[in-house]
There are 2 protein chains.
Amino acid sequence: MKRLGQEDKETLTTALDHSGQRATPQRETVFGVLLDQRDHPTADEVYARTKSRMPTISMATVYNCLETLVSSGLVKQVNIEREPTRYCPNLAPHAHFHCRETGRVYDVPVPAGTMEKLTDVLPGKYQADSVELVFRGHLAKGNSK
Amino acid sequence: MKRLGQEDKETLTTALDHSGQRATPQRETVFGVLLDQRDHPTADEVYARTKSRMPTISMATVYNCLETLVSSGLVKQVNIEREPTRYCPNLAPHAHFHCRETGRVYDVPVPAGTMEKLTDVLPGKYQADSVELVFRGHLAKGNSK
DNA sequence: AATTTGACTTAGAATTATTCTAATTCATCT
DNA sequence: AGATGAATTAGAATAATTCTAAGTCAAATT
Ligand SMILES: [Mn+2]
Ligand SMILES: [Mn+2]
Ligand SMILES: [Zn+2]
Ligand SMILES: [Zn+2]
């Protein structure tokens with residue numbers, strides 16, 4: 001999918017507008033790249049994919065667009081073990097699985113309320129506004145997809 | 001506490017030996033620094049604290065010692081949001097709380113079996129050998145300790 | 001319609017935590 | 001004592017990200 005659908009474009013414009021920023025071709029393209037292939041790409045990978053759709057874009061702009069998308073709440077950063085930051089447009093609460101063998105990162109859906117309930121382990125003085133859950137291991141073979 | 005107790009020294013020697021490495025004054029001192037102040041220091045902070053006990057130690061050696069301790073299983077790396085790696089000698093399963101205001105990282109004890117039970121959310125193809133749980137937020141005021 | 005404004009984009013330099021290199025030092029073994 | 005190899009060290013190299021400063025562009029104002 002080379003361009004953003006009407007619904008996604010609407011989502012983008014609304015979110016950007018809400019945070020006082022503009023929708024631009026670069027931002028649309030980067031957002032489209034993230035929506036199209038949800039494999040938690042790094043900035044480098046986003047750059048390569050975006051460049052194939054918009055050859056004139058620069059690395060700096062990719063970083064700027066990603067930051068804009070994050071600040072508008074449309075995209076989350078996923079940091080794993082000091083590896084380069086990855087980007088995830090899945091806004092539902094979810095966990096991540098990091099495969100030691102391939103380095104790939106997968107979304108793990110969790111039952112509603114699971115992430116919130118985790119904060120029950122926190123002593124009262126800790127006020128958590130976000131919860132991050134990461135599993136690490138390997139995929140049962142025959143499941144490299 | 002400027003030096004390592006007999007029990008900790010025993011633990012260190014055993015673990016290092018088990019992974020084919022030697023106990024050295026530098027490694028003992030770095031380990032002691034981590035045991036004495038369990039605030040998840042960065043390599044820089046470990047370096048400063050170690051240098052005050054052993055002024056001739058170098059940054060390279062601190063990194064080397066930390067890596068040795070991690071590889072021998074006595075210390076865990078704690079990575080949060082692309083900040084410099086922190087080091088934690090707490091071997092019990094536990095979660096972390098990261099304060100947005102101070103940047104400090106706290107250990108959060110969890111009931112036995114809690115971390116393991118989290119893997120129940122994983123579809124069968126995912127074989128997890130580690131689980132990481134990080135909360136982010138702020139401390140209720142009056143609890144800056 | 002021309003001008004102004006400020007947001008956005010861009011290339012390249014700077015930053016910085018960490019790793020690497022190559023030269024010593026040091027403990028242990030023969 | 002001499003040999004061996006692990007450990008330590010200073011400094012260079014690496015690499016993801018951020019910063020800087022100059023250019024571009026679209027919308028708003030005149
Ligand atoms: Mn990996
Ligand atoms: Mn922080
Ligand atoms: Zn995700
Ligand atoms: Zn800890």
Side-chain angles (χ1 to χ4, degrees), chain A residues 9 12-13 15-33 40-51 53-72 74-87 103 105, chain B residues 9 12-13 15-33 40-51 53-72 74-87 103 105:
Chain A
K9 190 175 260 185
L12 175 65
T13 304
L16 287 177
D17 197 61
H18 186 272
S19 69
Q21 299 177 289
R22 298 180 189 161
T24 66
Q26 287 86 352
R27 289 169 180 175
E28 285 181 17
T29 308
V30 167
F31 189 42
V33 161
H40 304 86
T42 63
D44 257 353
E45 290 163 345
V46 173
Y47 176 54
R49 294 175 195 178
T50 306
K51 212 164 169 52
R53 302 180 186 190
M54 178 181 269
T56 59
I57 201 169
S58 70
M59 189 74 222
T61 298
V62 168
Y63 270 107
N64 289 339
C65 290
L66 290 169
E67 163 58 26
T68 298
L69 293 171
V70 168
S71 74
S72 74
L74 289 173
V75 168
K76 298 271 181 283
Q77 293 186 319
V78 178
N79 290 295
I80 288 179
E81 277 188 350
R82 295 227 28 110
E83 291 182 1
T85 296
R86 297 165 179 278
Y87 296 86
V105 174
Chain B
K9 190 174 259 184
L12 176 65
T13 304
L16 286 177
D17 196 62
H18 187 271
S19 69
Q21 300 178 290
R22 297 179 189 161
T24 67
Q26 288 85 351
R27 288 169 180 174
E28 285 180 18
T29 307
V30 167
F31 190 42
V33 161
H40 304 87
T42 62
D44 257 354
E45 291 163 345
V46 173
Y47 175 55
R49 294 175 195 177
T50 306
K51 211 166 169 52
R53 302 182 186 189
M54 178 182 267
T56 59
I57 201 169
S58 70
M59 189 75 222
T61 299
V62 168
Y63 270 107
N64 288 340
C65 290
L66 289 169
E67 164 58 26
T68 297
L69 294 172
V70 169
S71 75
S72 74
L74 290 174
V75 168
K76 298 272 181 283
Q77 293 186 320
V78 178
N79 291 295
I80 288 179
E81 277 188 349
R82 293 222 38 103
E83 291 183 1
T85 296
R86 298 165 178 279
Y87 295 86
V105 174

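Please read these numbers as outputs of a predicted model, since none were measured by experiment. Below, chain A is the first sequence line, B the second, and so on; all start at residue 1.
Relative to the axis of its first five pairs, the axis of the last five pairs of the helix from C:dA1-D:dT30 to C:dT30-D:dA1 sits at 10°, rounded to 10 degrees.
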Polar atom pairs (N or O), protein with nucleotides 15-21 of chain D, under 3.5 Å:
residue: D:dT17; atom: OP1; partner: A:Thr85; partner atom: N; Å: 2.7
residue: D:dT17; atom: OP1; partner: A:Thr85; partner atom: OG1; Å: 3.0
residue: D:dT17; atom: OP2; partner: A:Tyr63; partner atom: OH; Å: 2.6
residue: D:dT17; atom: O5'; partner: A:Tyr63; partner atom: OH; Å: 3.4

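When each of B:Asn64, B:Thr68, B:Leu69, B:Thr61 is tested with B:Val30 by the rule side chain to side chain contact (heavy atoms under 4.5 Å, CB included), just one qualifies, namely B:Leu69.
Here the C1' atom of nucleotide D:dA7 and the CD atom of B:Glu28 are 14 Å apart, to the nearest Å. When rounded to the nearest whole Å, the span between CG of B:Leu66 and C1' of D:dT8 equals 14 Å. Here the P atom of nucleotide D:dA10 and the CD atom of B:Gln26 are 11 Å apart, to the nearest Å. Atom CD in B:Gln21 sits roughly 10 Å away from atom P in D:dT8 (whole-Å rounding). One interatomic measurement links the two molecules: CD of B:Glu45 to C1' of C:dT18, which rounds to 16 Å at whole-angstrom precision. Note: CD1 (A:Ile57) to P (D:dT24) measures 17 Å, nearest angstrom. The nearest whole Å value for the distance from the CE atom in A:Met54 to the P atom in C:dT9 is 9 Å. What separates CG of A:Leu16 from P of C:dA7 is a distance of 15 Å, to the nearest Å.
B:Arg82 contributes a side-chain N or O that, together with a main-chain N or O of A:Arg82, makes up a donor-acceptor pair within less than 3.5 Å. Checking side-chain atoms of A:Arg27 against main-chain N and O of A:Arg22 turns up a donor-acceptor pair under 3.5 Å.
Looking at B:Val105 and B:Ile80, their side chains come closer than 4.5 Å, going by heavy atoms from C-beta outward. Side-chain atoms of B:Leu74 and B:Leu12, non-hydrogen and from C-beta on, do get closer than 4.5 Å to each other. Side-chain contact between B:Gln77 and B:Tyr87 is present, with at least one heavy-atom pair separated by less than 4.5 Å. Side chains of B:Val62 and B:Gln26 form no contact here, defined as non-hydrogen atoms less than 4.5 Å apart.
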List the steps and the verdict of side chain to side chain contact (heavy atoms under 4.5 Å, CB included) for A:Thr85 and B:Glu81.
CA-CA 9 Å; A:Thr85 296; B:Glu81 277 188 349; over 6 Å; no
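Within the 4.0 Å cut-off from OP1 or OP2 of C:dC8, at least one side-chain nitrogen or oxygen of A:Arg27 is found. The side chain of B:Thr24 contributes an N or O atom lying less than 4.0 Å from OP1 or OP2 of D:dT8.
In terms of position on DNA chain D, the residue among B:Ala23 and B:Tyr47 whose nearest nucleotide sits closer to the 5' end is B:Ala23.
When heavy atoms are screened at a 4.0 angstrom cut-off, A:Thr61 is found touching base atoms of the nucleic acid.
Residue A:Gln21 comes nearest to A:Ser71 through the heavy atom pair OE1-OG, 3.3 Å, listed as atom of the first residue, atom of the second, then distance.
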